[in-house]
Chemist: 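Provided herewith is a single structure, encoded as structure tokens, for subsequent inquiry.
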Amino acid sequence: MSAVARVTLPDGKVLEVPKNSTCADVAMQIGPGLARAAVGCVWNGELTSMEQRIHGDGRIAIITKKSEDYLRVVRHSAAHLLAAAVRELFPKAQLGFGPPTDEGFYYDFVVEEPFTPDDLAAIEKRMRELAKKGLPFERQEMDAADATAELKRLGYDLKAEYMAELVQAGEVISFYKNGDVFSDMCRGPHVKGFGSIPAFKIMSASGAYWRGDATGIPMQRIHGTAFFSQEELDLHLERIEEAKKRDHRKLGPALDLFSFHDVAPGFPFWHKGGMIVWREIENFVRGELEQRGYQEIRTPLVMTDELWRKSGHYDNYRENMYFVEKDDRSFAVKPMNCPGACIIYGSELHSYRDLPLRLGEFGFVHRYELSGVLHGLFRARGFTQDDAHVYCTPEQIEAEVLDCLDMLNVVYKAFGFSEIKQFLSTRPEKRMGEEALWDRAEAALTGALRAADIDYGLNAGDGAFYGPKIDNYLTDSLGRMWQCGTIQLDFQMPERFDLTYVGQDGNRHRPVMIHRAILGSMERFIGVLVENTAGKLPVWLAPVQAILLPITDKQIPYAETVAKRMTEAGLRVEVDRRGDKIGAKIRDAHGRKIPYQLVVGAKEAEADTVSVRPRDGEDRGAQPVGQVTEEIVERYAQKAHSPIQ
RNA sequence: GCUGCCGUAGCUCAGUGGUAGAGCACCUCCUUGGUAAGGAGGAGGUCACGGGUUCAAGUCCCGUCGGCAGCUCCA
């Protein structure tokens, strides 16, 4: 064994340091300035202190106050501050884990009673008092015996359990103390003291379990967040408010798109507005399918258990399936469309000339989801995939995957999404098939991603039970990522259904199957669209594209003539016939987020014009009906999603 | 599913053991008003459902259903 460890710096440079060096030693070797500025480091992706010992090769990033990762340090310290306040107010509270997260931090506690909102307010108040005192973090390393004694003194039984594991793993045990107020076993690093957390806030409390085990010890988790400045914290809180305003579960019913009811938990009811959006999306995708040589199919919702045994779903997916009994037979409601597609493929003989055979299906699938994970359209129990199954030869895989990636780009762009991120998910623990097939499938997907020059991320172990996949995430206007499309390779299903094609050599061969969805689920995608646009759907998707607002009843006939002309031009138009004043009608149309609000009074009726109030702009004044109609028709045709001004 | 919180009119919510409430929306009437809420009146309730405690339950207790947040981030 070598006595040196090779340490890779963020810029790719490699340093050799003696084993058992600390991160601080490494920083010093890079430069004394950096060593002085260092507040912690990231060792092999994990946040740790400068005292971390280096036992082998790895990657290091030194954190200074200027690093992005410094925010994680601040938040981790804020978690300690939270725990300190909790221990003062609830001396019997036992500590669990308290890490920083992407949004802030949390700390888990074992307490007799759940925290009330009043408790949280008191805890936050106490945190502010402690922060005012400064109370520097002081690191102290201990051997196992001392650490055990210290944890016993503090009454941290759970931590003692965890410490034993750490000692076993050869870790150095360290404590961080803040005066005589608080002490916690912790790897670090931390800010200077409780006074060095510029802005923080307690967000909420919820249930959790020791080490995430639902059969284990119940705990109470307090969530908070922290930032470098009050301004950034305020901005964060505003973003949360904005997201709340855009919540599709509120906007959807308010805009008459869809609703949920107790009689069908997890299953959306689609109203007229939602169906218009749905149809537009479906027709657009259908157009793409036609361009790309797909055939559209539809397979049954209910099929026998035998089919699902054959496909492997019965063994691998049963907990998520719905079953029905009739004629002493058991049937399952389809959770996926692939077996049905395989039945169609297998129903006739195929030549290599037929391949690739692309079968598309807007397939309505049902998956039982635990009640706690349901979330409006984002996580429903019944949803419609814009699914397709491509049967091809192994040689055709890359080209087909590339075509799917291209379709993804084209489709997402049409909905106003330009930022797409791909992740490759590799073999999961629960899987079917031989390792060699998995090797081949993973290599094929990697090849396509490289060929498309895509900078993808890796989700190791997150593949489907029948094959690896590429998941596609899009970023919305609030910077949130949504998983939509997926491209999955499958060497199993053709095997199980004994699917073949006749090759050039006259022999039967096994086709490869690619499962792919672009939008993912119609339901979820519409939910994403609603949140992304805050309900202000582009003209091509808007259930009502223009509304005529008569100043008085006398203009209703004129408004109806205009509406008729626009309807004949292919637009979706309404007339507001209610007896309200114009101000109220505008307010209402605006609330419904209708793109074009067209005011008609005596003057407009006289001149064959409408006064245009665009959704995103100011009153434009009177414009000829023909011109306005043309503008909307053009926007519709172009699927424009720019603001309407 | 588990933990916590919640469930009162279509929506947003008040009502803390003693006659079921408000605003908005809806309907009718008056008003026909030129750019983000005109006025008056009316109708609308098995207080999620089931059980219990009590002279009395929207309110307290138990259960069920449904909703929301969290349950992955590992000192």
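Labels below follow one simple rule: chain letters A, B, ... track the order of the sequence lines, proteins then strands, and each chain is numbered from 1.
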Chemist: I want to confirm an ordering. Mapping A/F175 and A/D619 to their closest nucleotides on RNA chain B, which one lands closer to the 5' end?
Modeler: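 Residue closer to the 5' terminus by nearest nucleotide: A/D619.
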Chemist: For A/D471, does its backbone N or O pair with a side-chain atom of A/Q483 as donor and acceptor, under 3.5 Å?
Modeler: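 Checking the backbone N and O of A/D471 against the side chain of A/Q483, no donor-acceptor pair under 3.5 Å is found.
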Chemist: NA contact type, A/Q597, heavy-atom cut-off 4.0 Å: base, sugar-phosphate, or nothing?
Modeler: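 No contact at all - A/Q597 keeps every heavy atom at 4.0 Å or more from the nucleic acid.
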Chemist: Count the heavy atoms belonging to other residues, nucleotides or ligands that lie under 6.0 Å from CD of A/Q645, then report whether that count exceeds 12.
Modeler: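 Buried by this count: over 12 neighbours within 6.0 Å.
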Chemist: Rounding to a whole Å, what distance do you find between A/H375:NE2 and B/C71:P?
Modeler: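 That distance rounds to 13 Å.
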Chemist: Rounded off to whole Å, could you give me the CZ-to-P distance for the A/R577 and B/C27 pair?
Modeler: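 My rounded result for the distance is 14 Å.
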Chemist: If you look at every strand shown and take non-hydrogen atoms under 4.0 Å, does A/G583 touch a base, only sugar-phosphate, or nothing?
Modeler: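 Sugar-phosphate only.
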Chemist: State plainly whether the residues A/D108 and A/R221 are in salt-bridge range, i.e. N to O under 4.0 Å.
Modeler: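 Judged by the 4.0 Å cut-off on N to carboxylate O distance, A/D108 and A/R221 do form a salt bridge.
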Chemist: Check A/E242 with A/R246, please: is the shortest side-chain N to carboxylate O separation under 4.0 Å?
Modeler: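 Looking at A/R246 and A/E242, the cut-off is met.
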Chemist: Using a cut-off of 4.0 Å on non-hydrogen atoms, how would the nucleic acid contact of A/I173 be classed: base, sugar-phosphate, or nothing?
Modeler: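 Counting heavy atoms under 4.0 Å across all strands, the contact made by A/I173 includes a base.
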Chemist: Please work out if A/I582 contacts a base, only the sugar-phosphate, or nothing of the nucleic acid, heavy-atom cut-off 4.0 Å.
Modeler: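 If one applies the 4.0 Å heavy-atom cut-off, A/I582 turns out to touch the sugar-phosphate alone, with no base involved.
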Chemist: Could you state the atom-to-atom distance from CD1 of A/I240 to P of B/C68 in whole Å?
Modeler: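 Spelled out: CD1 on A/I240 to P on B/C68 is 18 Å.
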Chemist: Write down the distance separating the P atoms in B/C62 and B/G7, rounded off to the nearest Å.
Modeler: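 My reading of the P atoms in B/C62 and B/G7 gives 15 Å.
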Chemist: Write down the partner of B/G63 under the Watson-Crick or G-U wobble criteria, each distance required to be under 3.5 Å.
Modeler: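 The answer is B/C49, by the H-bond criterion.
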Chemist: Tell which nucleotide pairs with B/C24, taking only Watson-Crick or G-U wobble pairs whose two distances are both under 3.5 angstrom.
Modeler: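 Check on B/C24: paired to B/G10, both distances under 3.5 Å.
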Chemist: Take atom CG of A/D108 and atom C1' of B/U72, then tell me their distance rounded to the nearest Å.
Modeler: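 The answer, rounded to whole Å, is 13 Å.
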Chemist: Nearest of B/A75, B/U32, B/G34 to any side-chain atom of A/Y162?
Modeler: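 Looking only at side-chain atoms, A/Y162 lies closest to B/A75.
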Chemist: Quick one: which of B/A75, B/G38, B/G66 gets closest to the side chain of A/P265?
Modeler: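 Of all the options, the side chain of A/P265 is nearest to B/G66.
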Chemist: Are A/R75 and A/F227 in a cation-pi setup, meaning NZ or CZ lies under 6.0 angstrom from the ring centre and within 45 degrees of the ring axis?
Modeler: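 Yes, A/R75 lies over the aromatic ring of A/F227.
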Chemist: Using atom C1' in both nucleotides, what's the gap between B/A43 and B/C24 to the nearest angstrom?
Modeler: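 The answer is 16 Å between these two C1' atoms.
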Chemist: Separation of A/Q168 atom CD from B/C74 atom P, in whole Å?
Modeler: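 Distance check: A/Q168 CD to B/C74 P gives 21 Å.
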Chemist: Can you identify which nucleotide, out of B/C71, B/U3, B/A36, has its nearest atom closest to the A/V373 side chain?
Modeler: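 Between B/C71, B/U3, B/A36, the one nearest the side chain of A/V373 would be B/C71.
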Chemist: Quick one: is A/K250 getting a side-chain N or O under 4.0 Å of the B/U12 phosphate, OP1 or OP2?
Modeler: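 True: A/K250 side-chain N/O within range (under 4.0 Å) of B/U12 OP1/OP2.
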Chemist: Out of A/E150, A/E138, A/E141, which one pairs with A/K177 under the salt bridge (charged side-chain N to carboxylate O under 4.0 Å, His left out) rule?
Modeler: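 Only one of A/E150, A/E138, A/E141 forms a salt bridge (charged side-chain N to carboxylate O under 4.0 Å, His left out) with A/K177, namely A/E150.
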Chemist: Could you work out the separation of B/A14 and B/G52 based on their C1' atoms and round it to a whole Å?
Modeler: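 Pairwise C1' distance, B/A14 against B/G52, rounds to 28 Å.
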Chemist: RNA chain B: A/C186 or A/D262, which has the more 5' nearest nucleotide?
Modeler: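 Result of the comparison: A/D262.
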Chemist: Give none if B/U32 has no partner; otherwise give the nucleotide forming a Watson-Crick or G-U wobble pair with it, both distances under 3.5 Å.
Modeler: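 For B/U32, the partner nucleotide comes out as none, under the 3.5 Å rule.
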Chemist: Taking only heavy atoms on the protein side, list every residue of residues 79-105 of chain A lying under 4.0 Å from any atom of RNA chain B, sorted numerically.
Modeler: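 Of all residues in residues 79-105 of chain A, the ones placing a heavy atom under 4.0 Å from RNA chain B are A/F97, A/P99, A/P100, A/T101.
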Chemist: Where the side chain of A/L370 is defined as all heavy atoms beyond and including C-beta, which of B/A75, B/G1, B/G66 is the nearest nucleotide?
Modeler: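 Closest nucleotide to the A/L370 side chain: B/G1.
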Chemist: If we take the C1' atom in both B/A20 and B/G44, what is their distance in whole Å?
Modeler: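 The same atom, C1', in both gives a distance of 13 Å.
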Chemist: Please give, in whole Å, the distance from B/A25 C1' to A/D580 CG?
Modeler: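 Atom CG in A/D580 sits about 11 Å away from atom C1' in B/A25.
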Chemist: Ignoring backbone atoms, establish whether A/T552 has a side-chain N or O less than 4.0 Å from OP1 or OP2 of B/G33.
Modeler: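 Negative; the distance criterion is not met.
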Chemist: Using a 4.0 Å heavy-atom cut-off, does A/E604 contact any base of the nucleic acid, only the sugar-phosphate backbone, or nothing at all?
Modeler: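 Counting heavy atoms under 4.0 Å across all strands, the contact made by A/E604 includes a base.
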Chemist: Among the nucleotides B/G38, B/A75, B/U35, which one has an atom lying closest to any side-chain atom of A/S174?
Modeler: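 Nearest to the side-chain atoms of A/S174, counting from C-beta on, is B/A75.
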Chemist: Is A/R578 touching bases, backbone alone, or none of the nucleic acid, heavy atoms closer than 4.0 Å?
Modeler: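 Sugar-phosphate contact only.
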Chemist: Given the P atoms of B/U53 and B/U59, what is the spacing between them in whole Å?
Modeler: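 Here B/U53 and B/U59 have their P atoms 15 Å from each other.
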Chemist: Return the pairing partner of B/G17 with a 3.5 Å limit on both distances, Watson-Crick or G-U wobble; otherwise return none.
Modeler: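 For B/G17, the partner nucleotide comes out as none, under the 3.5 Å rule.
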Chemist: Quick one: which of B/G70, B/A75, B/G38 gets closest to the side chain of A/K581?
Modeler: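 Between B/G70, B/A75, B/G38, the one nearest the side chain of A/K581 would be B/G38.
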Chemist: Using only side-chain N and O atoms of A/R221, determine if any of them is under 4.0 Å from OP1 or OP2 of B/C71.
Modeler: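 Affirmative; the distance criterion is met.
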Chemist: Under 30°, 30 to 60°, or over 60°: which ring-plane class applies to A/Y317 and A/H313, parallel, tilted or perpendicular?
Modeler: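 The arrangement is perpendicular - the two ring planes meet at more than 60°.
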Chemist: Is the ring pair A/H223/A/Y106 parallel, tilted or perpendicular, if the boundaries are 30 and 60 degrees?
Modeler: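 Tilted: the ring planes of A/H223 and A/Y106 meet at 30° to 60°.
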Chemist: By the 4.0 Å heavy-atom rule, please label A/V111 as base, sugar-phosphate, or nothing.
Modeler: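 Answer is nothing: A/V111 stays at 4.0 Å or more from every strand.
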Chemist: Indicate, with a heavy-atom threshold strictly under 4.0 Å, whether A/K585 touches base, sugar-phosphate, or nothing.
Modeler: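 It contacts nothing in the nucleic acid.
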Chemist: Regarding A/W482 and A/E531, is there a side-chain donor-to-acceptor distance under 3.5 Å anywhere?
Modeler: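 No - no donor-acceptor pair under 3.5 Å links their side chains.
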Chemist: Indicate, with a heavy-atom threshold strictly under 4.0 Å, whether A/A589 touches base, sugar-phosphate, or nothing.
Modeler: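 Result for A/A589 = nothing.
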Chemist: Roughly how far apart, to the nearest Å, are B/G23 and B/C30 at atom P?
Modeler: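 To the nearest whole Å, 23 Å.
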Chemist: Quick check on B/A36: is either OP1 or OP2 less than 4.0 Å from any side-chain nitrogen or oxygen of A/R587?
Modeler: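 For B/A36, neither OP1 nor OP2 has a side-chain N or O of A/R587 closer than 4.0 Å.
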Chemist: Work out how far the C1' atom of B/U16 is from that of B/A75, and round it to whole angstrom.
Modeler: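 About 44 Å, rounded to a whole number of Å.
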Chemist: Within the 4.5 Å heavy-atom criterion, are A/D146 and A/F175 side-chain neighbours or not?
Modeler: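 A side-chain contact is absent here, since even the closest heavy-atom pair is not under 4.5 Å.
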Chemist: Would you mind pulling out the nucleotide paired to B/U54, Watson-Crick or G-U wobble, both distances under 3.5 Å?
Modeler: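 By the stated definition (distances under 3.5 Å), nothing pairs with B/U54.
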Chemist: Just so I know, are the side chains of A/I547 and A/Y596 near enough to count as touching, which here means a heavy-atom distance under 4.5 Å?
Modeler: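 Not touching, per the 4.5 Å side-chain cut-off.
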Chemist: Angle class for the A/F228/A/Y70 ring planes (parallel below 30°, perpendicular above 60°, tilted otherwise)?
Modeler: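 Ring orientation, 0 to 90° scale: parallel.
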Chemist: Considering only the P atoms, how many Å lie between B/G70 and B/G34, rounded to the nearest integer?
Modeler: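 Straight-line distance between the two P atoms is 50 Å.
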Chemist: Tell which nucleotide pairs with B/G4, taking only Watson-Crick or G-U wobble pairs whose two distances are both under 3.5 angstrom.
Modeler: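 Answer to the pairing question: B/C68, which forms a Watson-Crick or G-U pair with B/G4.
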Chemist: Once you round it to whole Å, what is the distance between P of B/A69 and CG of A/L374?
Modeler: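 About 11 Å, once rounded to whole Å.
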Chemist: Of the nucleotides B/G34, B/U32, B/A36, which has the atom closest to the A/D553 side chain?
Modeler: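 Nearest to the side chain of A/D553 among the choices is B/U32.
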Chemist: Within this structure, what is the CG-to-P distance between A/D256 and B/C26, rounded to whole angstrom?
Modeler: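 Distance, rounded to whole Å: 14 Å.
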